[in-house]
Amino acid sequence: MRKTKSKMPVSLEPVAGNGLLDRRLFLQKGLTFTAFTAAAATAPAVIAEVADGSAKPSEIDPVRPPWMRQPGQPFSPYGVPSPHEDKVMRLPSTNSVLQGNGASWSPLHQLEGSITPNGLHYERHHNGVPQIDPKHHKLLIHGLVEKELFFSIDDLMRYPRHSQTCFVECGGNSNSSWNKNATRSPVGSIHGLVSCSNWAGIPLSTLFSEVGVKKNAKWLIAEGADAFAMNMSIPLEKAMDDAMLALYQNGERLRPENGYPMRLLVPGWEGVLNVKWVRRIELSDQPVMARNETSKYTELLPSGKSRIFTLEMDAKSVITSPVSSTFVPAPGLFQISGIAWSGRGKVKKVEVSADNGETWAEAALDGPIIPKAFTRFRMPWRWEGKPAYLKSRVTDETGYVQPERDELVAKRGRHGYFHYNAIMTLAVEDDGFVTHVYKAEEDDKDSGNLGIDADW
Ligand SMILES: Nc1nc2c(c(=O)[nH]1)N[C@H]1C(S)=C(S)[C@@H](COP(=O)(O)O)O[C@H]1N2
Ligand SMILES: [Mo]
C-alpha cells in the first residue's frame, strides 16, 4: 500500500546551529521568501496596484520590449550561449612553464545541476591539444593478446555502444588547499579540475574480447596521440569492470580538448588515467612506470613510506553557493548548495554545518543519485545577518566520510600534493561577505608545506 504523505507543513524552526532549516522544506510547494523574512528589500519589485488588486500587470506595463516588436533571429546550425552569459568561462592557468602545459578550471560556482556543459569541462593538457583528423587516427591494441588489431573510427562505430554518467577529476584538483593560507578565490578556481558528463562509447571489455587477452596480462598501458605522448598503466581488472573507450560526451562527439576522436574513461579513478586522443593500448604483465605514476603521483607519507598508484578518487563535496569573494544577498532564506561525488560509488548523504562543524544537518539531494557522478545537494538556511562558518561533508555508500583538513594533513603529512579532499569552510561576515578559510579564522600555522610548485 502507498503511504500518504503528511500534509503537515515542515517546521521553520532551525534543525542545527546558526539557522539551518529542515531539508524537507524544499519538498513543500509554494515556498516563498516572505515566509522567512519581513525585509521587503529581498523581495522582487512589487507594483502597488497589482498588489492591491486594482489593476492587471498588462494594464500597468503595456509597452512591449523591443524583442517583441520584430521577428527573432533565424535558426542556427549550432547553438551558443546568450551573449549576456559571456562571463561564464573556464578559468585557465596563467603560470604554465611551457605553452600547452597547464589546466583550465571549470567554473563550478557558475553552474547548476549535475552535468558540466561540454564547453566548460575542465582541461588538463601536458603539451597542448592535438588537431586530429579522425580519418588518420587508429587505435592499436597489442601486447599480451591473441591477435593484435588496429581499429579505425569506422570499425569502432560498428560495435555496440554504452553510455554512462560519471565525473572525471584530476588527481591534482584542489591542491592549492595544501598551501599554508587558504586561497580566497571562488570555488571553481580552487576545486574546478573536476567535471561530470554523460559519456558514450565502447566498453573496453568488448574490445579486449575481440583481441583475446592472454592469461598473464595484468595491466594495460595506454598512450595518447598528443605531443606529450602521455602513457599510463591501468590494472586490467578495472578496465574489464567499467572502463570504456569514449567517443561521445553529453550526446555529441568529444571536444578536441577532451580527447577527440577517442579517449579512455576510467570511472571514479584519477583524471590522468583517462588518456585522451588514445592511439595505443598495450596489454602487459606489469605497469610501464611512466612519469605520471612515478616522479608524479607518488607521495611521501609521515611514516617515511610513499604511496603510489593511488588510483581511486576519494569522496569530496564543495559548496558552490554562496561563493567566496561575493556576498550573501540579504538576511532571510538562502539556499546553500553544492556538489558531492565519490570515486567509490554513490553519495549516501551530505551534511551541512553553519557553525563551523559544531552541529550538522542533512541536506536534500537532487536525484537520481548515480554512482561516480556529481550529486547536487541543497540546504535551506535562514541567515540572520550574523557571522557564520559554512561547511559540507559527504558520506559515500561505502561509509567513507570526507575528512576535516587537519585530519587529512595529519594522515598525509606535509608533502601532500595530490588527492586533496578535505571539508571546505566558508566564513560569512556580518555584512554577508563570504571568504574561503580553513577552520574558523585561522589559517594553517604549521610550516613546511611544499606549496604548489610541482606539476601534475
Ligand atoms: N594524451 C593525454 N591524455 C591526458 C592528458 C594529457 O595531457 N595527454 N592529461 C590527463 C590529465 S592529468 C587529466 S586530469 C585528464 C583531463 O581530462 P580533460 O582535459 O578532458 O578534463 O586527462 C588526462 N589525459
Ligand atoms: Mo590530472
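We count ligands from 1, going down the list as the structure has it; atoms in each ligand are counted the same way. Each residue takes its place number in the sequence, starting with 1. Quantities reported herein were computed from a predicted structural model and do not represent experimental measurements.
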Describe, in one word, how the ring planes of [X] and [Y] are oriented to each other, choosing from parallel (under 30°), tilted (30 to 60°) and perpendicular (over 60°).
X    : Y    : answer
Y297 : F418 : parallel
H191 : H436 : perpendicular
W219 : F309 : tilted

Would you say [X] has any N or O atom under 3.5 Å from an N or O of ligand 1, going by distance alone?
X    : result
N258 : yes
W277 : no
R263 : yes
Y122 : yes

Ion pair [X]/[Y], N-O distance below 4.0 Å:
X    : Y    : answer
D226 : K276 : no
E123 : R255 : no
R376 : E112 : yes
R279 : E223 : yes

Exercise for review: Verify the ring-centre separation between W105 and Y122: is it less than 6.0 angstrom?
Suggested key: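 Between W105 and Y122, which both carry aromatic rings, the centre distance is not below 6.0 Å.
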
Practice item. Could you establish whether E270 and ligand 1 come within less than 4.0 Å of each other, counting only heavy atoms on the residue side? Key: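 Contact check E270 vs ligand 1: negative.
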
Practice item. Take every heavy atom of V168, measure it against each atom of ligand 1, and state whether any distance is under 4.0 Å. Key: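 Contact check V168 vs ligand 1: negative.
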
Check your understanding: Within a strict 4.5 Å, meaning less than it, do heavy atoms of the K346 and P371 side chains meet?
Key ->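 Yes, close enough: below the 4.5 Å cut-off.
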
Exercise for review: Identify the heavy atoms of A243 and V266 that sit nearest to each other, and give their distance.
Suggested key: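 Taking every non-hydrogen atom into account, CB-CA, 4.4 Å.
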
Point to revise | Identity of the nearest option to atom 19 (O) of ligand 1, non-hydrogen atoms only, from K276, R279, M230 | key: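 Shortest heavy-atom distance from atom 19 (O) of ligand 1: K276.
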
**Study point:** Heavy-atom nearest option to atom 8 (N) of ligand 1, drawn from D226, V266, V129, N173
**Key:**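 It is D226 whose heavy atom sits nearest to atom 8 (N) of ligand 1.
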
**Study point:** Region of N274 engaging ligand 1 - heavy atom pairs below 4.0 Å
**Key:**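 Within the 4.0 Å criterion, N274 contacts ligand 1 through backbone atoms alone.
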
Output the list of atoms in ligand 1 that are nearer than 4.0 Å to some heavy atom of [X], sorted by atom number.
X    : answer
C170 : 14 (S)
E257 : 19 (O)
H125 : 7 (O)
G271 : 13 (C), 14 (S), 15 (C), 22 (O), 23 (C)
G224 : 1 (N)
V275 : 3 (N), 24 (N)

